[in-house]
Student: 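Sending over a structure as structure tokens; questions will come in a sec.
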Amino acid sequence: MKKTAKKNNFLMQGSVLAAAGIIVRIIGLAYRIPLVNTIGKEGMGYYSFAYSVYAIMLLLSSYSLPLAVSKMISARMSRQSYVNVSRIFKAAMIYATVVGFAGCFITYFSAGLFANLFFKTPYTEFALKTLAPTIWIMAYLGVFRGYYQGHATMIPTAVSQIIEQVINAVVSIVAAHRLSQYALEHQKEASEVSSYGAAGGTIGTGTGALSALLFLVLLYILYNMVYKYKPSLDSKFETYKEITKILIMTVIPVIASTAIYNINGIIDGAIFGNAMHFLGKGSETAENYGVYTSEYMILINVPVAISNALSSSIIPVLSKFNSENDKNGVQNTIGSAIRFSMIVAMPCAVGLTVLAKPVLGILFKGADVSVELMQVGASAVILYSLSTLSNAILQGSSYMGIPVKNAVKSLIIHIMALIIMLLVFKMGIYGLVYANMIFALSMCIFNALSIKSLLEYVQEIEQTFIKPAFSALFMGIVTFLVYMLLMRFTQRLIVICVVCIPIAFLTYFPALIFSKTLKADDIVHMPGGGRLVAMLERLKIM
């Protein structure tokens with residue numbers, strides 16, 4: 001019963017964070033549409049180049065803090081070592097102050113170097129400078145999110161993410177419009193007008209992060225007024241020096257693995273920009289890269305958000321099971337997480353392939369290129385989902401350095417593939433799509449071998465991969481036939497999506513039930529699962 005409750009809590013918390021992640025991504029999609037219309041694809045190119053540098057600085061300074069703090073706090077909460085929990089939080093805040101300031105300082109004063117030397121797009125500098133303060137804010141935000149996740153609740157993180165994205169969306173659109181108008185009124189050239197608009201978009205990022213931080217600070221104050229720790233049962237009180245050392249030793253491998261895992265964004269931008277310049281197509285760089293990042297990748301990241309949520313929720317759970325030396329708990333948690341991730345990722349990949357034209361056509365003007373990118377690269381959803389989750393499994397099991405080694409090997413393969421595709425085969429923006437899929441596939445393979453070797457985990461194939469794949473394929477065939485039928489009667493993309501998306505869901509879910517991919521025990525551990533199982537049993541479906 002205890003293990004069932006733990007599994008239930010793991011899936012429940014993961015589902016809460018996944019739901020928030022989907023909402024955040026949908027808001028992100030929604031506000032990108034008017035943002036693209038305001039600053040244009042060239043402006044989105046500047047925005048994307050700046051954001052890739054920001055993402056790396058975030059990784060180096062604070063991206064690892066939620067994971068590291070939640071892992072440390074979870075282990076001590078299981079021992080009821082409450083004094084050490086408080087000390088971890090304080091030490092992490094000091095660490096966030098130092099690394100947040102360093103990241104902000106380096107980004108601001110190196111903005112020109114990145115824009116001119118790495119990307120060959122000088123107008124990226126303005127947007128990058130406006131993003132720099134957000135790095136400092138995000139460091140504090142990471143500590144607070146890790147604190148709550150270590151207490152086995154994802155709700156504060158989920159709510160703060162939604163607040164962050166809502167404020168980001170509103171401020172980004174308003175600031176981008178006003179700064180673009182300002183540039184036009186002062187008779188700036190077209191590219192400079194786009195750069196002003198891109199900077200407006202980055203202002204929204206900082207404002208959203210600050211709003212989320214204020215919410216979590218207020219919640220922390222109220223939480224400590226109402227909730228008082230019981231007396232600490234752990235007789236050993238760790239010193240701040242010891243805690244800081246453990247924090248750094250936990251953060252460094254996570255920083256290394258996540259930085260290498262995500263640094264391909266800035267490497268992609270640099271290689272792509274220089275390759276296009278070398279081939280005499282430098283004028284196309286910003287627009288093409290803007291399409292790739294702001295149309296193709298933004299949509300790919302919507303379903304991947306579910307695996308990101310599972311990764312956040314699985315780390316404290318695995319850390320707790322490992323501290324209790326509960327091997328069965330570790331094995332069951334890994335199996336449940338991977339299977340749930342594939343059940344979600346596979347239909348999303350198929351759906352994005354089949355409905356690429358109507359979905360992207362609704363979201364973006366002149367989306368012909370992004371439609372083709374999606375049709376050839378939608379399977380990246382599966383690869384990104386599995387590689388992200390497998391990273392978290394190794395990190396949550398205290399094998400912090402393994403993802404680093406695997407990421408280095410995958411990155412080398414990725415860079416070689418990208419250079420060949422750009423310079424030899426002259427594939428342009430399509431080279432980025434294929435090279436990133438190769439990177440994610442390499443991570444999946446290397447991580448799977450590591451998990452099997454280190455955790456003695458034997459991957460179940462039929463329920464986890466084969467049955468979801470066949471169910472998704474069946475859904476894709478039905479959806480495609482309905483799509484082609486509708487095209488005979490209407491060219492309105494919104495009508496096609498409104499009809500096809502529900503049909504896809506109504507086809508896939510029964511396919512999972514009838515193929516026994518999803519069983520009553522799986523569904524009951526999801527939010528509202530008990531009522532759904534009862535209904536299915538009354539209908540004699542389950």
Side-chain angles (χ1 to χ4, degrees), residues 21-22 25-26 28-33 35-37 41 44-45 48 264-265 268-269 272 284 287-308 342 344-388 417-418 421-422 427-441 469 472-473 475-484 486-487 491-501 503-505 508:
I22 293 295
R25 296 305 194 281
I26 290 173
L29 272 173
Y31 92 83
R32 286 294 180 100
I33 299 168
L35 186 62
V36 171
N37 293 337
K41 292 183 178 179
M44 286 306 299
S48 299
N264 58 342
D268 284 352
F272 182 70
E284 303 174 15
E287 182 174 337
N288 285 339
Y289 196 72
V291 170
Y292 170 75
T293 54
S294 63
E295 295 182 14
Y296 167 75
M297 283 304 299
I298 193 78
L299 197 55
I300 286 290
N301 284 331
V302 173
V304 174
I306 295 175
S307 284
N308 289 336
M342 290 300 97
V344 174
M346 286 183 178
C348 290
V350 173
L352 287 173
T353 302
V354 173
L355 299 177
K357 186 173 182 178
V359 171
L360 285 161
I362 291 171
L363 296 174
F364 307 105
K365 293 180 180 178
D368 293 342
V369 175
S370 56
V371 168
E372 293 179 5
L373 293 179
M374 187 62 69
Q375 288 172 338
V376 300
S379 57
V381 170
I382 300 170
L383 299 174
Y384 282 128
S385 296
L386 187 55
S387 59
T388 300
L418 181 58
M421 289 177 183
L422 289 176
M427 296 174 66
I429 200 69
Y430 296 93
L432 283 176
V433 175
Y434 288 118
N436 275 286
M437 289 171 65
I438 290 172
F439 174 80
L441 176 61
L473 182 61
M475 177 209 77
I477 293 170
V478 172
T479 305
F480 179 73
L481 292 175
V482 173
Y483 170 38
M484 297 307 295
L486 286 171
M487 288 289 288
Q491 297 296 314
R492 297 186 63 182
L493 300 181
I494 186 68
V495 174
I496 293 172
C497 286
V498 167
V499 175
C500 286
I501 292 175
I503 285 177
F505 176 78
Y508 182 63

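Bear in mind that the values here come from a model prediction, so they are computed numbers and not experimental data.
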Student: Looking at every heavy atom in both I496 and M487, which two are closest together, and how far apart are they?
Tutor: CD1-SD, 3.4 Å

Student: Under the side-chain hydrogen bond (donor to acceptor under 3.5 Å, both in side chains) test, which residues partner Y430, sequence neighbours left out?
Tutor: E372

Student: Apply side chain to side chain contact (heavy atoms under 4.5 Å, CB included) to V381 and V302, showing your working.
Tutor: CA-CA 9 Å; V381 170; V302 173; over 6 Å; no

Student: I503: what forms a side-chain contact (heavy atoms from CB on, under 4.5 Å) with it, not counting sequence neighbours?
Tutor: V478, V482, V499, T507

Student: Go through the structure and list residues passing side-chain hydrogen bond (donor to acceptor under 3.5 Å, both in side chains) with Y292, not counting sequence neighbours.
Tutor: N436

Student: Going by the rule side-chain contact (heavy atoms from CB on, under 4.5 Å), which residues pair with T353 if we only count those two or more places apart in sequence or in a different chain?
Tutor: A378

Student: Considering residues at least two apart in sequence or located in another chain, which fulfil the side-chain contact (heavy atoms from CB on, under 4.5 Å) criterion with V350?
Tutor: V354, A472, M475

Student: So, taking the atom named CG in L360 and the one named CG in L352, what distance separates them when rounded to the nearest 0.5 Å?
Tutor: 8.0 Å

Student: Run I298 and T293 through side chain to side chain contact (heavy atoms under 4.5 Å, CB included) and show every step you take.
Tutor: CA-CA 6 Å; I298 193 78; T293 54; over 6 Å; no

Student: Among all residues two or more places apart in sequence or in another chain, which pass the side-chain contact (heavy atoms from CB on, under 4.5 Å) test with M437?
Tutor: S379, A380, L383, V433

Student: Considering residues at least two apart in sequence or located in another chain, which fulfil the ring-ring contact (aromatic ring centres under 6.0 Å, His included) criterion with Y289?
Tutor: F49

Student: Quick one: do F480 and L355 satisfy side chain to side chain contact (heavy atoms under 4.5 Å, CB included)? Show the steps, please.
Tutor: CA-CA 8 Å; F480 179 73; L355 299 177; over 6 Å; no

Student: Under the side chain to side chain contact (heavy atoms under 4.5 Å, CB included) rule, what do F272 and N288 come out as? Steps first, then yes or no, please.
Tutor: CA-CA 10 Å; F272 182 70; N288 285 339; 3.9 Å; yes

Student: Could you work out, with side-chain hydrogen bond (donor to acceptor under 3.5 Å, both in side chains) as the rule, every residue matching T479, not counting sequence neighbours?
Tutor: none

Student: Name the residue from C500, C497, S370 that meets the side chain to side chain contact (heavy atoms under 4.5 Å, CB included) definition with V359.
Tutor: C497

Student: To the nearest 0.5 Å, what is the distance between CG on L486 and CG on L493?
Tutor: 11.5 Å

